Amino acid sequence: MTEGLPARDDGEALVLVMEAGIGAPEHDDERAVVLVETGPDGAQRMRRVVTRAELAAEVGRRERTGAEEGRPPRWVWADTSRWAPDLIAAGVRVERCHDLRLCHRILRASVLSATSELARAPRGPWDESPGTPAVTQGVVPLDLGIDPDPHGGAWAGDAPGAAGDALSELRRQLAAVDGSAEPGRLRLLLAAESAGALIAAEMHHDGLPWDVEEHDRLLTEALGPRPSGGRRPARLEELAAQVRTVLDRPDLNPDSQPELLRALRAAGVPVTSTRTAEIRAAGHPVSAPLLAYKKLARLYSANGWHWAQAWVREGRFRPEYVPGRVVTGRWASSGGGALQLPAAVRAAVRAEPGHRLVVADAAQLEPRVLAAMSGDAAMAAAGRSADLYQGLVDAGVVATRTEAKYAMLGAIYGATTGAGGALLPRLRQAFPAAMDVVERAARAGERGEVVATWLGRTSPADEVTAALRHAARAEGADAEQVRLARRRAQDHGRFTRNFVVQGTAAEWALCWMAALRRRLRALPGEPRLVFFLHDEVLVHTPTGIASRVAEAVVEAATEAGRLLFGSSPVEFPLDVAVVESYDEAA
DNA sequence: AGAGGTCGCGCC
DNA sequence: AGGGCGCGACCTCT
């Protein structure tokens, strides 16, 4: 089922942007940038050299002429996080790009491009991990084969054998895609990954609107006024005092896990760790004040005043988003824990005057993705209702919505025991095709094999699992070796089982955002994507077009489903809310 | 003093 | 429970 996937666009112009890597860093504006325009076959059409200071104007010009002809170019560069921020700061937001480093990483590992020259070549500069500070801030260590004099004219971009040469790399990538058994899937994946890199750069630039006063209000309400010096807030101090009294340890520091654990055990509290669940289960008089302390201490240290001072500037929280850092294809973030923004502080995410936040999240995304990728008609039918979990209840698969949720998540995460594990036979009976997809992925992982997402992103090779398995099967293997191999196989099987679903959900989400971004660009008033959380987006928009933005978000979800799964009957409904602050969304 | 490891908990 | 993360606090080692 590939009818939605893009065919090669032979009319698309690719414009490489490369740094010549010359000039002293203190004269950054004068550093040379080389632009090379090619067709999708990699044949060179035009090249020019500009200074870094001239780049944004040059890119903006080419982008406009492309847009007028209805064919914006695709900008090709080593690393979006190195080029896009300056362009965005200069007011230039390109329509599309191709991030060589992110795409290289996908093609290097993908089962769909395994026989390509790119995949079989030894590791080189393009295998360096993307998004690391050394890569994004330093000069990319590429041998571009460029004459160091930007006005000298001589240029050796076609010099063979230069492993770091961006044009050669682009050609290798295009060849890997064209030579793949599933070029449409890879093409979509690379385009989506690259669009994600653009979005990440734009979201960092735009930032999440953050109301520092509201944040201070809710912190003060929970913790007491902001303390001076290194002291704890009043409410935390009170709770600490209660804990000390109950445990009869006047000098206890409740922030120290070993100290706290010793004190709890000395007081006869039956815990083996300081985990919240154990403390709650103990039902001891210390439980209530200690649990309250832990909750507030977390808020204070992770998202308190100090956090705001470090990460919020001029009313915006600007974390760094790092596409491609999570093996499954999900984004990671760095700086301020953007992807763990707790519910307790979301009231501080407030639209600016005259604006609204459009908050949208995909309902039960992972189960729906599983239904689509497996072509499981029964599961698709259960997902016809807006709430897939309720759909399972209505179909008579399980008795309650809670059971449905546990069972589905258990199937996707690899539960073996407990409520989730117990319900698996019911799911297997009701949705054999869907369960077959995850169980085959699990078995492959247990054997130490790789698995791939719908679009071809492939799990990292795991030699350890395979080696342990081999050792355990060898003549004379002892029980300990067998136990170790089995344990490792089970762990890796759970990982690969989850990989195919989480990774495909990440692909859907990338397509969703890319489709949304394109729609937002066509709207007036500059509505901006300002937050992304795996299956959820926030758009900051002028109030007057908020309803059009909400429509665009829904249309983009439908488009994402079509792009990935063609005519699959699986729907991807959203919960959409137009609100003034994030906490108002359900 | 600083690096690195572990725990625990926030998000999906 | 089971998958994927980032981060802060504490602790240990160097």
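Below, each value reflects all heavy atoms present in this structure, side chains not excepted, and no hydrogens, waters or symmetry copies. Everything numeric in this text was worked out from a predicted model, so none of it was measured. By convention in this document, chain letters (A, B, ...) are assigned in the order of the sequence lines, proteins followed by strands, and residues within each chain are numbered from 1.
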Trace of the salt bridge (Lys or Arg N to Asp or Glu O under 4.0 Å) decision for A/R316 with A/D206: CA-CA 8 Å; A/R316 298 279 170 142; A/D206 293 326; over 6 Å; no
Sugar-phosphate, base or nothing in reach of A/R275, heavy atoms under 4.0 Å: sugar-phosphate
Within this structure, what is the [atom1]-to-[atom2] distance between [X] and [N], rounded to whole angstrom?
X      : N     : atom1 : atom2 : answer
A/N303 : C/dG6 : CG    : P     : 16 Å
A/D462 : C/dG3 : CG    : P     : 14 Å
A/L299 : C/dG8 : CG    : P     : 14 Å
A/R298 : C/dC7 : CZ    : C1'   : 7 Å
A/W311 : C/dG6 : CH2   : P     : 13 Å
A/E366 : C/dC5 : CD    : P     : 13 Å

Any chance the rings of [X] and [Y] have centres within less than 6.0 Å?
X      : Y      : result
A/Y321 : A/W331 : yes
A/W512 : A/F572 : no
A/W307 : A/W210 : yes

Salt-bridge contact A/R101-A/D99 (side-chain N to carboxylate O under 4.0 Å): no
Span of DNA chain B in contact with chain A (heavy atoms, under 4.0 Å): B/dC7 to B/dC12
Side-chain N or O of A/S333 closer than 4.0 Å to phosphate OP1/OP2 of C/dC5: no
DNA chain C contacts among residues 489-508 of chain A, heavy-atom distance under 4.0 Å: A/R494, A/F495, A/N498, A/Q502
Polar side-chain atom of A/E584 near backbone of A/S581 as donor-acceptor pair, under 3.5 Å: yes
More than 12 heavy atoms from other groups under 6.0 Å of CG on A/D248: no
Nearest atoms (heavy-atom pairs only) where A/P233 meets A/P225: CB-O, 4.4 Å
